[in-house]
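For reference, the structure discussed in these notes is given below.
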Amino acid sequence: MTLKRVILGILTAIAIAMVGLSLLASWNQPQIQSRLELYQTNLLLHASEWQGENNQSANLSSARNNIVGADPFNTALTQYREARDSTRKTLETTQSQFKVIESAIASKSADNTLNLAQNKALSESIDQQSVVLNELELRLGILQASSGKTEAALQTWTNLVERYKTQIDYDSSVVTAQVLTGIWSNPAQLLPDAEPRIQKSLDGWFRYRALAQLYKLQERSKELAALQAAEQVTAQQAVEKLAIIVGVPAIALCIGTVLLVGLTVQWLLQRKQLDTAGSGPVLARNASLTWDVPWDGEIVWQVLVVGFFFVGQILIPYLLLPVSLAVLKLNPATFDPRGKAFYIFATYLLLSAGGLSVLYFSVKSFLPLPEGWFRINWRGSWFLWGFGGYFVALPLVVLVSLINQQFWQGQGGSNPILPIVLEGRDNVALAVFFGTAAIAAPVFEEIVFRGFLLPSLTRYLPVWGAIAASAFLFAVAHLSVSEILPLATLGAVLGFVYTRSRNLLAPMLLHSLWNSGTLLSLFLLGGGAS
C-alpha cells in the first residue's frame with residue numbers, strides 16, 4: 001500500500017466521521033420547509049385584513065378571495081397548533097437525550113470527549129427549541145384571541161409563564177405573555193411597558209393585532225387609525241406576493257406534470273427504438289453512451305475526499321478562515337446580514353477554488369482529455385434541456401418532499417443559508433446570496449458532480465447507476481439528513497439532463513433556476529411576514 005493511499009484512507013475516515021456528525025447534528029434541527037409554511041400563513045393573515053376599495057383591481061380582489069379562503073384564522077390556528085405540538089415533542093425528546101448524556105458523563109464509565117461534545121450540542125439545541133416554542137405559543141394565543149377563543153388564549157400564555165415560574169433567568173417571551181394576558185383579560189390589566197414590549201417581541205400580523213387591541217383599550221383612536229391604514233398597505237402587498245408565491249409554482253407544476261407525462265408516454269411507446277447516437281426519442285438520447293474514462297477509481301476517490309470534503313469541510317472552515325479572521329480581528333458571529341452574506345460568498349469562492357484546483361491537478365497528467373469531458377457549448381439545445389429539466393424536476397421533487405415531510409415532521413435540518421435569507425431585509429445581502437446560490441454554487445457543483453463524478457462512474461456503472469450514485473453523493477454533501485431524498489431526486493434530474501444533453505450548461509441552468517426560485521420565495525415570504 002502506497003503512502004498516498006494511506007493518507008487518502010485517513011482523510012476518508014475523517015471525512016466520513018465529519019459528514020456523519022453533521023448529519024447527526026441536523027437530526028433534531030428544524031427544516032426550513034416548516035418555517036416557510038408558517039411564513040406563508042403569516043402572509044395569509046395579512047392578506048385576510050385587506051378590505052380593498054372601489055377602484056381596486058377586480059382581479060386582485062378575486063385573487064384575495066381565492067388565496068385567503070373562507071376561514072383563514074382556523075387554517076392558521078391549525079398550522080400553529082401543529083407547529084407548537086411538534087416543537088414541544090422534539091424539545092421533550094432532546095431533553096431526554098440530554099439527561100442520558102449527562103448520566104453517562106457523571107458515571108465516567110468511558111472517555112467523555114464525545115459525550116461532552118454531544119452534551120454541548122444538545123444544550124444549544126434545547127435553548128433554540130425553547131425560544132421557538134415560546135414564540136409559537138405567543139402567536140398561537142393571539143390567533144386564539146382573534147378567533148374569539150379568549151379563554152384558550154389566556155391559558156396558552158399562562159402555560160408559557162408557568163414553565164418559567166421557578167427560574168431566575170427566563171426568556172423575554174414570558175414578559176410578553178404577561179402583557180398579552182393583561183390586554184385580553186376582562187377587566188384588562190395594562191402593564192406600563194406594554195407597547196414597547198409588543199413592538200420588540202412581535203412582528204407582522206401578530207404585532208398589528210396586539211397593538212390594535214392595546215390602542216382600543218387605551219382609546220388612542222388616532223394611533224389606531226394610522227395602524228389600520230398601514231396594515232391595509234401591507235395587506236394588499238401580501239395579496240400580490242401570495243399570488244406570485246402560490247400562482248407561479250402552480251403554473252410551473254402544471255407545465256412540469258404535462259411535460260413529464262408526455263415524455264413518459266413517448267418513452268413507453270418508442271422504447272424499442274432506442275438510439276444511443278442521439279437521434280431517437282428524446283428520453284433515449286445518449287441513454288447508454290458512456291464516457292472514455294482515462295483514470296481509475298483512486299482519482300475519483302482523491303477528488304471527492306481531498307477536493308470536496310477535506311478542503312470544504314476541514315481546511316477552509318477550521319484552518320484558513322480562522323487564521324485569516326484572527327489576523328484581521330474579525331468575528332463572524334457579530335456580522336450583520338450583509339457581513340454574513342459576503343462572508344459566506346468568500347467562503348464558497350475559497351471552497352470552489354480549492355476543490356477545482358484539486359480536480360485540475362488530479363487529472364492534469366491525463367490531458368488532453370478524451371472528447372466530451374467538461375463540455376460547455378453555447379450552441380445547441382442546452383437552454384431547452386435546462387428549462388425543461390426544471391419543469392420536470394418540480395413535480396418530482398415536490399412529490400418526494402411531501403412524502404419525506406411525513407417522515408421527518410418538520411425536523412432534520414436545512415441549508416443554513418436559507419434561514420438567513422428568509423429573515424434578511426438587506427437588498428445588498430440578498431444580491432450577494434443570489435450570487436452565491438444561483439451562480440457560484442451551480443457552476444462549482446455541476447463541474448464536480450455532473451462534469452467529473454458522473455462520467456467517471458460510468459467506468460464501473462451503467463449510465464443510470466452513475467446518475468443514481470452521483471445524485472446520492474450530491475445530496476449527502478449538503479449535510480442535512482432530511483433533505484437527502486429531495487436533493488437526490490433533484491440530482492437525478494440534473495444527471496439525466498447532463499447525460500442526454502452532453503453539455504454542462506444545461507444542468508447549470510437547471511440548478512440556477514432551482515436555487516433562484518427558492519431564493520425568490522424566501523425573499524417574498526420573509527419580506528411579507530414582518
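Nothing fancy with the numbering, it's 1 onward along the sequence.
- The minimum heavy-atom distance linking Ala188 with Leu217 is given by the pair CB-CD1, 3.9 Å.
- At distances below 3.5 Å, at least one donor-acceptor pair connects side-chain atoms of Ser401 with backbone N or O atoms of Val397.
- The minimum heavy-atom distance linking Leu260 with Pro395 is given by the pair CD2-CG, 4.5 Å.
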Side chain to side chain contact (heavy atoms under 4.5 Å, CB included) evaluation trace for Glu445 with His478: CA-CA 11 Å; Glu445 293 177 11; His478 286 77; 3.7 Å; yes
Residue pair Glu483, Leu490: steps toward the side chain to side chain contact (heavy atoms under 4.5 Å, CB included) verdict: CA-CA 11 Å; Glu483 293 186 341; Leu490 176 62; over 6 Å; no
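- Under the salt bridge (charged side-chain N to carboxylate O under 4.0 Å, His left out) criterion, Arg209 pairs with Glu49, sequence neighbours left out.
- Looking only at distances, a side-chain donor or acceptor of Ser146 sits under 3.5 Å from a matching main-chain atom of Ile142.
- Listed for the Trp157 side chain is a donor-acceptor partner under 3.5 Å among the backbone atoms of Leu138.
- Remark: Phe472 engages Val476, Ile484 in a side-chain contact (heavy atoms from CB on, under 4.5 Å) (not counting sequence neighbours).
- Atoms OG and CG, on Ser86 and Leu133 in that order, are 10.5 Å from each other to the nearest 0.5 Å.
- Of all non-hydrogen atoms in Phe308 and Ala477, the two that sit nearest each other are CE2-CB, 3.4 Å.
- Considering only residues two or more places apart in sequence or on other chains, Arg81 meets the salt bridge (charged side-chain N to carboxylate O under 4.0 Å, His left out) condition with none of them.
- Side-chain contact between Asn515 and His511 is present, with at least one heavy-atom pair separated by less than 4.5 Å.
- How far CG of Leu396 is from OG1 of Thr257: 8.5 Å, rounded to the nearest 0.5 Å.
- Between atom OG of residue Ser221 and atom CD of residue Gln228 there is a gap of 10.0 Å, rounded to the nearest 0.5 Å.
- Put simply, the side chain of Leu394 reaches to within 4.5 Å of the side chain of Trp514, judged on heavy atoms.
- Between Phe342 and Val428 the shortest side-chain heavy-atom distance falls below 4.5 Å.
- In this structure Ile198 satisfies the side-chain contact (heavy atoms from CB on, under 4.5 Å) test together with Val179, Ile183, Leu202, Arg207, Ala210, Leu211, Leu214, sequence neighbours excluded.
- Take Tyr208 and apply the side-chain hydrogen bond (donor to acceptor under 3.5 Å, both in side chains) test, not counting sequence neighbours, and it matches no residue.
- In this structure, a donor-acceptor pair under 3.5 Å is present between the side chains of Glu231 and His46.
- The line from CG of Asn186 to CD of Glu151 is 9.0 Å long, rounded to the nearest 0.5 Å.
- Note that CZ of Arg197 and CG of Leu180 are 10.5 Å apart. Values are rounded to the nearest 0.5 Å.
- For the salt bridge (charged side-chain N to carboxylate O under 4.0 Å, His left out) test, residues two or more places apart in sequence or in another chain that qualify with Glu446 are Arg450.
- Looking only at side-chain heavy atoms (C-beta outward), Trp205 and Asn42 stay at 4.5 Å or farther from each other.
- Looking only at distances, no side-chain donor or acceptor of Ser516 sits under 3.5 Å from a matching main-chain atom of Leu513.
- Under the rule for a side-chain hydrogen bond (donor to acceptor under 3.5 Å, both in side chains), the partners of Glu137 that lie at least two apart in sequence or sit in another chain are Arg88, Arg163.
- The nearest pair of heavy atoms linking Gln129 to Thr87 is O-CG2, 3.8 Å.
- Ala488 and Ala475 get closest at one heavy-atom pair: N-CB, 3.5 Å.
- Lys149 is linked by a side-chain contact (heavy atoms from CB on, under 4.5 Å) to Asn74, Leu77, Gln144, Ala152, counting only residues two or more places apart in sequence or in another chain.
- Sorted by first and then second residue, the salt bridge (Lys or Arg N to Asp or Glu O under 4.0 Å) pairs with a member in residues 183-196 read Glu195-Arg220; sequence neighbours excluded.
- Looking only at side-chain heavy atoms (C-beta outward), Phe444 and Leu351 come within less than 4.5 Å of each other.
- Using a 4.5 Å cut-off on side-chain heavy atoms (C-beta onward), Gln155 and Thr181 make no contact.
- For Asp127, the side-chain contact (heavy atoms from CB on, under 4.5 Å) partners are Ser123, not counting sequence neighbours.
- The structure places CG of Leu494 at 11.0 Å from CZ of Phe449, a figure rounded to the nearest 0.5 Å.
- Residues passing the ring pair (Phe, Tyr, Trp, His ring centres under 6.0 Å) test with Phe206 are Tyr80, sequence neighbours excluded.
- Ala438 and Ser512 make their closest contact through O-OG, 2.7 Å (heavy atoms, listed as atom of the first residue, atom of the second, distance).
- Looking only at distances, no side-chain donor or acceptor of Ser173 sits under 3.5 Å from a matching main-chain atom of Asn134.
- Residues satisfying the side-chain hydrogen bond (donor to acceptor under 3.5 Å, both in side chains) criterion with Ser201, sequence neighbours excluded, are Thr176.
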